[in-house]
Amino acid sequence: MNIARVIVDVPTSQTNRPFDYKIPDSLIGVVAPGMRVIIPFGPRKIMGFVLEVTDQTSFTRLKKIQDVMDLTPVLTHELIQLGRWISETTLCFYVSAYQAMLPQLLKAKYEKELWLLAEHEDLTEDLERLFGGRGVVPYEEIEASSLSYSQIQKRIHEGLVEVHYKVKGKETKKKETYIVPGIPSHRLEEIYHDTPKQAKKQRLILAFFIEYPDEILQKKLLEELKTTRASLKPLLDKEILKTVYKEVYRDPYQQREYERTTPFPLTEEQQEAIEPVLASIEDKRHVPFLLHGVTGSGKTEVYLQSIQQVLDDGREAIVLVPEIALTPQMVERFKGRFGSRVAVLHSALSAGEKFDEWRKIQRKEVQVVVGARSAIFAPFENIGIIIIDEEHESSYKQEDYPRYHARDVAIERGKYHHCPVVLGSATPTLESFARAQKDVYKLLTLKKRMNNASMPEVELVDMRKELHAGNRSMFSIQLREKIEDRIQKGEQVVLFLNRRGYSTFVMCRDCGEVKECPHCDIALTYHRKAERLKCHYCSHEEPMPTICPSCESDTIRYFGTGTQKVEESLNQLIPDARIIRMDVDTTRRKGAHERLLTKFADKEADILLGTQMIAKGLDFGNVTLVGVLAADSLLHLPDFRSSEKTFQLLTQVSGRAGRHTLPGEVIVQSYTPEHYSIEMASQYDFESFYKKEMKMRKTFRYPPYYFLTLLTVSHPNHLYTMDVTQKIVQFLRDHLSDQAIILGPTPSPLTRIKDRYRYQCMIKYRNEPTLHKVMNRLFQIYEDAIQQKDLQLTIDFQPYQLM
DNA sequence: AGCACGCCGACT
DNA sequence: GTCGGCGTGCTC
């Protein structure tokens, strides 16, 4: 067993297969499947993942593994299989799938160095200058020097210098230094007596350890005895004392005290919902559940008690929460119940913090992980339940390579571990609800809110009528009056602005010219603070023009509604309102999100004004009014899910009001209040919406009736892009069944991004068993063009974003 | 990816 | 003739 099968860290189709390596004697028994190793590959050294250890190979001469990067495997047997499944179902490279499962910090980094071989007298003048007395220089320095790479090449051939490759990215654990006695305590006393009186500090330290022979943090010891390392050093040198390094975790939640909660008694409805879940945990049976519960119906308590059962059984739990809802409030609920048995993984953590949380999972020091999408890869080995809260959230689908959906991964893992997967939502996706109707998922329903609270009354306001009545502000009379009323009563208001499709663009009032990004076909967004225009797709930036670049008129202005603008007009309308604005700008700094919410919870403000990020998971008892400023801004996006998204968003936002004892009220402003998604959301009528939307999907042949696959072709040359897309469409027509509907080629909704033209082709199908094979063929056919001509093909099976 | 090998044009 | 352009193929 001295041969390792390794996936190399070179994401190309030619290297997307295992390579065999010999395990050197010194590493036999150390190298194990799931470990990262450093291997020679061609002339360089790179990282690789060990898939398996065998004694078979079809090669006569194997290179040796140079070193291991981990002492324990970073991928479990299950994750190795899962990675293969991901790469095959999403068409990505094996390495990319494995990389996606690990924290960023474990990604290998490469460095090249130039090593001097020759003696000084043999050096050419150019090398003398480059090295300047040193033996090694970073490869990048060549660029900065007057030497060209070809000259260096020559020197390498002459044997004067050599290129060395370094792989970085070993585990970086944060360590703390502890001091312990290196000898038994009776000997300490002897030494104490033998130590001369003038060595005052040394005697002090010895006396300390005679009294407390336990290990102590070096920093603490020095502080306590008011001394420095200088007096510690001789004792360490004589091995009377020893240093011990201990790994410490960068725990962002370490400082915080969580109030412990105990299970609440469940309502009858909750009891009914939890029983099948508990049963499947007990029977170790994989059952996918869809928990459809209205906002405030106590889904979380069902999760918590299911997890409790899993922990009592000695198993582990994964809870996925949308990034945006991973608020301190949410974390608190899990930490409050399970304390230090919980690890939290989300994007606001630093790379080091993420790694440390991951380490706790790997070492089985925690049994529960609460996290965003990528937490689905938590390296647990004995999973008892996987929960996906807010199942409908689009953030569970990764939008770049590998394009996996956390829900699919969860179900795949659930099958492996024979455990239930619970998908929870107040507004499930049509896909999931349809599966529940067909009994693919088992449906559990919570119809009542906790504490018998009623759903807040929703009032639709037709903004067209407001406009005709002469109200040109963005607040209807009703909304404005209600806000004033709540402020007077000392109650709080949440105002929601859906920013997408409502960004502030710049237009000339004279000629109608809209300022667009020179690299992307999209309007630039005006940023007030910097007085600049920015592109949200590439990072292009330019100053706000004072005159129109096309007609030189000075009437160029910005339009649209941002949270800043809403805040301003709110200030004018109700001057004594205290407003907290939450958007990307005000929450960028670490912890800002939490600070603002705490402020609001402490009633230091009357109004919380924000975008998407305030739609989820917030729970403030004093909020009795929710205002939605522009309900239909999502509705007009070129996306077949726009109605569904509108319905979901309105339902979620409405759920923010009246969660406790005070009754809540919601005002929804819209220019199309008669649209079924808005009307049905205002009545909390999911079933009717589901039926109506399903009909639409059937008519237009969209999911869940049809599967979709989106193929995007991009290249800097417009004609070439169109041409390739056309050929691809033809190829697909020739190779897929005549049941498949192939749409295209069409320009992508964003036709040009970063100076690349983008065309797409959409495939709608019900059953195409050869689809993956055909797509693979397609990649093979265009492999050369992709490598050499800068062509890009992206394939997204079951896309969420159609852009 | 990154590198070597190899075959063509334009220069000391 | 040779230096250097980049198309082609390989990495256990």
Side-chain angles (χ1 to χ4, degrees), chain A residues 1-25 27-28 31-69 80 84 87 91-100 107-115 124 126 138-143 146-159 161-169 400-402 715-716 720 779-793:
Chain A
M1 300 293 263
N2 62 346
I3 289 158
R5 208 143 281 161
V6 177
I7 291 291
V8 298
D9 185 17
V10 183
T12 60
S13 44
Q14 296 158 68
T15 52
N16 192 36
R17 60 193 166 83
F19 285 77
D20 291 352
Y21 283 88
K22 191 169 155 26
I23 303 171
D25 292 346
L27 290 177
I28 285 179
V31 172
M35 258 184 203
R36 298 176 308 150
V37 288
I38 297 172
I39 39 163
F41 193 66
R44 59 210 170 111
K45 286 182 188 71
I46 57 170
M47 188 273 290
F49 290 102
V50 177
L51 292 189
E52 55 176 323
V53 175
T54 66
D55 46 14
Q56 314 239 314
T57 181
S58 47
F59 282 80
T60 43
R61 284 176 68 188
L62 293 182
K63 286 193 185 172
K64 278 186 197 158
I65 287 179
Q66 188 195 291
D67 203 357
V68 291
M69 291 178 79
I80 293 174
R84 201 167 80 202
S87 69
L91 287 195
C92 73
F93 303 120
Y94 294 116
V95 238
S96 314
Y98 293 128
Q99 303 272 31
K107 207 174 157 175
K109 295 182 188 60
Y110 300 99
E111 270 173 29
K112 267 165 85 179
E113 290 169 343
L114 206 58
W115 287 51
T124 52
D126 49 0
Y139 203 76
E140 295 82 65
E141 267 190 41
I142 300 169
E143 207 170 345
S146 54
L147 283 129
S148 70
Y149 285 104
S150 54
Q151 280 169 294
I152 292 292
Q153 216 74 50
K154 220 159 85 189
R155 300 289 175 245
I156 292 169
H157 278 286
E158 289 166 7
V161 288
E162 202 173 63
V163 181
H164 278 239
Y165 299 85
K166 262 169 82 178
V167 185
K168 285 207 161 180
D400 42 62
Y401 274 121
H715 189 269
Y720 180 74
F779 266 101
Q780 273 168 24
I781 294 168
Y782 286 96
E783 201 181 313
D784 288 1
I786 291 168
Q787 254 180 3
Q788 283 144 30
K789 296 201 183 115
D790 199 18
L791 176 75
Q792 257 179 46
L793 292 189

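Naming convention: chains lettered A, B, ... in sequence-line order (proteins, then strands); numbering from 1 in each chain.
A donor-acceptor pair under 3.5 Å is absent between the side-chain atoms of A:S87 and the main chain of A:A97, judged by distance alone. A:K45 places no side-chain N or O within 3.5 Å of a backbone atom of A:Y110 that could act as its donor or acceptor partner. Not a single donor-acceptor pair under 3.5 Å links the side chain of A:Y98 to the backbone N or O of A:F93. Side-chain N or O atoms of A:Y139 include none that pairs as donor or acceptor with a backbone N or O of A:Y165 at under 3.5 Å.
If you take CD of A:E783 and P of C:dG9, they are 11 Å apart, rounded to a whole angstrom. Note: CG (A:D9) to C1' (C:dT11) measures 14 Å, nearest angstrom. In this structure, the CG atom of A:D20 is 11 Å from the P atom of C:dC12, given to the nearest Å. Protein atom CD of A:Q14 is 9 Å distant from nucleotide atom P of C:dC10, rounded to whole Å. Whole-Å rounding puts the A:F59 CZ to C:dC10 P distance at 12 Å.
The CE atom of A:M35 lies 14.0 Å from the CG atom of A:L51; values are rounded to the nearest 0.5 Å. Atom NZ of A:K22 sits about 6.0 Å away from atom CD1 of A:I28, to the nearest 0.5 Å.
Of all nucleotides in DNA chain B, those with any atom nearer than 4.0 Å to a heavy atom of chain A start and finish, going 5' to 3', at B:dA1 to B:dA4.
A heavy atom closer than 4.0 Å to some atom of DNA chain B occurs in A:P43, A:R44, these being the qualifying members of residues 39-56 of chain A.
Within the 4.5 Å cutoff, no side-chain heavy atoms of A:V6 are placed close to those of A:F49.
Counting any heavy atom pair closer than 4.0 Å across all strands shown, A:T57 reaches no nucleic acid atom. The residue A:Y165 sits close only to the backbone: its heavy atoms come under 4.0 Å of sugar-phosphate atoms, none of a base.
A:Q56 and A:D20 form no side-chain donor-acceptor contact under 3.5 Å, judged by distance and modelled atom types alone.
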